Novice: 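My questions will all concern the structure given below.
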Amino acid sequence: MTVETNATPAPATPSDFIRDIVADDLAAGRHQKIVTRFPPEPNGYLHIGHAKSICLNFGIARENNGTCNLRFDDTNPAKEELEYVDSITTDVNWLIAGWADHCLGVKVKGSHPAPQTINGRPDHYLASIERSSPSSQLSATSANVEPFFASDYFEQLFAYALTLIEKGKAYVCDLNAEDTETYRGSPEKPGQDSPFRNRSIAENLDLFQRMRAGEFPNGARSLRAKIDMTAPNMWLRDPLLYRIRHVAHHHAGDKWCIYPLYDYAHCLSDYLEGITHSICTLEFVDHRPLYDWVLESLELPRTLPHQYEFSKLIPGYMIVSKRKLLQLVTGNVVTGWDDPRMPTLSGLRRRGIPAAALRKFVIGAGVTKFDALTDIAVMEHVVREELNSLAVRRLGVLRPIKIILTNLAEGEVIECDATNNPQDEIPTTRKVALTREVFIESDDFAEVPPPKYFRLKPGGEVRLKYACIIKLDEIVKDAAGAITELRCTADLTTRAGGPNSDKKVKGTIHWVSASHSIAAEVRVYDRLFTVAEPGAEEDFMKVINPHSLEVITARLESSLATATLDERFQLERVGYFALDSKDSAPGKLVFNRTISLKDTWTKK
Ligand code: ATP
Ligand code: MG
């Protein structure tokens with residue numbers, strides 16, 4: 001795979017081959033209104049790859065005054081859970097809030113025209129699903145968002161299956177899973193017709209209805225499309241449409257014991273919702289003929305949706321597979337799906353990454369048909385850019401070493417003005433206290449300094465940011481030889497407004513007062529994997545970075561005691577931080593380092 005290193009910012013009006021198709025369709029009058037969908041299967045939490053799909057689908061709706069449905073492709077109850085439905089709904093809302101939430105497709109209940117009929121059967125959902133006009137906007141709160149569910153269409157999908165049987169295009173097959181596979185052949189070897197392929201329509205209708213009625217055990221029978229067992233495309237070799245699963249469904253309840261397969265349910269759900277452009281990733285290219293076959297075989301009355309494929313987003317050092325992410329969770333490699341090291345939307349959010357930065361990154365990555373690894377530096381650049389304007393500056397010391405300013409009296413407090421955000425149009429300031437005892441970062445001091453060391457060293461001078469220049473006079477050690485404190489003199493004439501305020505020294509460092517600071521837990525994260533493409537490893541569990549989390553007790557300026565969850569902070573010279581939404585509690589502050597100030601990894 002190639003690595004894209006170009007840190008291009010998100011273009012204001014992105015264009016790509018899918019957007020070109022949409023524009024052509026509108027220009028040619030093939031569609032009056034664009035309707036897209038984001039169709040997650042609720043079998044895990046959303047990850048950064050899904051963010052790309054969300055931003056593409058909602059982005060296209062947004063740019064064309066269209067709508068986009070959040071639809072759960074919930075056809076496999078064995079692997080799906082309500083927890084995932086909830087987390088996905090929350091994550092989608094978070095990502096699109098204030099950006100594309102007005103494009104969300106909504107189900108309108110109540111006053112509907114009488115059900116239409118299709119092939120003699122009522123077409124409930126044609127009648128019951130309408131979308132909002134662009135003017136009927138939803139607010140950004142998740143409470144208003146009502147996702148669509150493929151399982152709401154089970155009745156209709158069943159009716160369509162009966163139609164396929166009546167048309168001689170589907171049959172009930174009694175082969176077990178293993179024999180079905182054998183009969184299917186291989187890409188090099190044509191398949192063989194199932195011995196049940198030529199059952200009469202009447203027998204198929206009877207058996208399929210009895211499958212639904214629960215007369216047969218799991219796996220005893222299936223409904224298959226009758227296409228071509230010798231087709232070069234394996235997906236067309238009489239694919240399964242329905243299988244028997246005696247299991248309750250998280251959304252549909254215990255009404256069903258047969259469940260449709262993805263390829264059958266997806267295209268029809270798209271059709272029922274009036275989707276115009278069904279956008280998915282490249283692995284579905286081979287499924288497209290089946291997508292079209294199902295829709296065309298039913299001879300449906302309305303305009304059919306079309307499927308378009310783009311390449312997956314695979315950021316470096318990340319895993320984008322729900323199955324593998326689940327292994328990290330169940331294997332206790334991380335603390336949960338929302339562990340801030342996870343590439344899940346809930347993990348990235350908890351880490352402090354703003355939704356706007358994530359959108360900018362996934363949109364900027366572009367839409368192509370070629371798989372490529374996206375350099376993680378591109379994302380970091382976007383996140384830093386976003387946080388630079390958003391985050392207030394604060395002082396905090398991760399690994400403190402004590403300084404005694406010997407010319408300041410005990411209890412003396414000198415107030416210094418510190419800038420909150422130099423990026424603001426009119427920057428504001430706050431007071432920080434300089435006192436006799438302060439902490440500096442232990443690596444801002446060197447007893448035996450290397451050449452060109454401009455921070456604190458024996459006999460040397462350094463500026464405490466926003467305060468004054470200090471000079472190191474004495475290093476105090478305990479009996480074991482460990483440094484306990486550094487005794488310094490503060491030159492108060494070098495303070496802002498003082499007679500020597502413009503005195504220059506080569507080093508400026510951050511600090512906090514010992515008495516006017518708080519202790520807080522700070523979690524510093526590193527990459528979760530040691531290789532750029534963990535997903536390509538035979539065993540990705542073998543390339544986990546054992547040092548991906550460092551827990552530190554830091555000293556932070558006391559104003560951070562009132563930090564709130566939606567605030568972002570830059571601890572000057574240290575990085576960007578956010579309060580941890582899960583582990584912080586009254587009296588217990590836990591901060592996550594969202595990202596360092598610059599790329600420090602390359603130095604390792
Ligand atoms: P996973 O491989 O993680 O299980 P999935 O494709 O099975 O992902 P779905 O819930 O089916 O997960 O995905 C919903 C939508 O997100 C699909 O349209 C899929 O194509 C898209 N998608 C999944 N992964 C990516 C990715 N890495 N980049 C872009 N889009 C993605
Ligand atoms: Mg999938």
Side-chain angles (χ1 to χ4, degrees), residues 1 4 16 18 36-61 68-76 78-81 83-89 91-92 95-96 147-151 250 261-263 265-267 269-270 273 275 277-288 291 305-329 337 342-348 358-359 361-374 376 378-379 533-536 540:
M1 275 193 181
E4 291 169 1
D16 51 66
I18 297 180
T36 56
R37 85 286 171 267
F38 172 65
E41 188 185 346
N43 60 353
Y45 280 55
L46 294 183
H47 54 62
I48 190 162
H50 295 118
K52 176 166 181 170
S53 179
I54 295 168
C55 288
L56 179 58
N57 281 294
F58 278 94
I60 287 175
C68 179
N69 295 350
L70 164 59
R71 183 212 310 147
F72 287 103
D73 251 340
D74 53 349
T75 55
N76 187 0
K79 286 196 173 164
E80 297 164 6
E81 286 174 30
E83 177 194 347
Y84 299 139
V85 171
D86 292 343
S87 75
I88 290 171
T89 309
D91 288 348
V92 170
L95 192 61
I96 68 169
F148 293 67
F149 292 87
S151 57
H250 55 92
L261 276 97
Y262 169 87
D263 283 307
H266 191 77
C267 53
S269 303
D270 282 348
E273 291 178 9
I275 303 301
H277 298 79
S278 180
I279 303 164
C280 59
T281 37
L282 286 177
E283 73 272 26
F284 292 103
V285 168
D286 290 347
H287 298 236
R288 192 183 341 125
Y291 183 101
H306 282 281
Q307 178 183 302
Y308 303 94
E309 309 87 9
F310 69 99
S311 62
K312 280 195 166 180
L313 174 72
I314 309 174
Y317 294 90
M318 292 190 194
I319 288 276
V320 279
S321 150
K322 282 181 283 190
R323 187 178 53 79
K324 289 180 180 168
L325 292 174
L326 178 63
Q327 275 176 265
L328 294 174
V329 174
W337 285 97
M342 289 281 269
T344 50
L345 299 194
S346 52
L348 297 167
L358 202 53
R359 289 199 302 264
F361 167 61
V362 298
I363 293 169
V367 180
T368 70
K369 287 193 179 201
F370 308 100
D371 280 327
L373 201 60
T374 301
I376 190 68
V378 179
M379 170 157 160
E533 209 182 341
F540 71 98

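Just so you know, ligand 1 is whichever comes first in the structure, and atom 1 is the first atom listed for that ligand. What you see is a predicted model; the values in this text were computed from it and never measured.
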Novice: So that I can tick it off, tell me whether Lys312 and Glu283 are bridged by a salt bridge, with the cut-off set at under 4.0 angstrom between side-chain N and carboxylate O.
Specialist: yes

Novice: With heavy atoms of Ser321 as the reference, note each atom of ligand 1 found under 4.0 Å away.
Specialist: 3 (O)

Novice: Starting at CD1 of Ile275, measure out to CZ of Arg71 and round the result to the nearest 0.5 Å.
Specialist: 5.5 Å

Novice: Among Asp91, Leu70, Asp73, which one satisfies side-chain contact (heavy atoms from CB on, under 4.5 Å) with Pro40?
Specialist: Leu70

Novice: Given Arg323, Glu283, Arg71, which one has a non-hydrogen atom that is nearest to atom 6 (O) of ligand 1?
Specialist: Glu283

Novice: Quick check: Thr281 and ligand 1, any N/O pair under 3.5 Å apart?
Specialist: yes

Novice: Between Glu83 and Tyr45, does any side-chain donor sit less than 3.5 Å from a side-chain acceptor?
Specialist: yes

Novice: Would you check whether Leu313 has a nitrogen or oxygen atom less than 3.5 angstrom from a nitrogen or oxygen atom of ligand 1?
Specialist: yes

Novice: Taking only heavy atoms of His50, which atoms of ligand 1 are found under 4.0 Å from at least one of them?
Specialist: 8 (O), 9 (P), 10 (O), 12 (O), 13 (O), 14 (C), 16 (O), 22 (N), 23 (C)

Novice: Centroid separation under 6.0 Å, is that true for the rings of Phe148 and Phe38?
Specialist: no

Novice: Go through ligand 1 atom by atom and flag the ones less than 4.0 Å from a non-hydrogen atom of Phe310.
Specialist: 29 (C), 30 (N)

Novice: From the options Arg37, Glu309, His306, Arg288, select the one residue that forms a side chain to side chain donor-acceptor pair (under 3.5 Å) with Ser278.
Specialist: Arg37

Novice: We want to know whether Glu273 and Asn69 form a side-chain donor-acceptor pair, criterion being a heavy-atom distance below 3.5 angstrom.
Specialist: yes

Novice: Ring centres of His287 and Tyr291 under 6.0 Å apart?
Specialist: no

Novice: Would Phe38 count as a polar contact of ligand 1, with the cut-off being nitrogen or oxygen pairs under 3.5 Å?
Specialist: no

Novice: Would you mind finding which of His266, Lys322, His47, Met318 brings a heavy atom closest to atom 4 (O) of ligand 1?
Specialist: Lys322

Novice: Taking only non-hydrogen atoms of Lys324, do any sit less than 4.0 angstrom from ligand 1?
Specialist: no

Novice: Under a heavy-atom criterion of less than 4.0 Å, does Glu41 contact ligand 1?
Specialist: yes

Novice: Looking only at N/O atoms, are Asn43 and ligand 1 under 3.5 Å apart anywhere?
Specialist: no

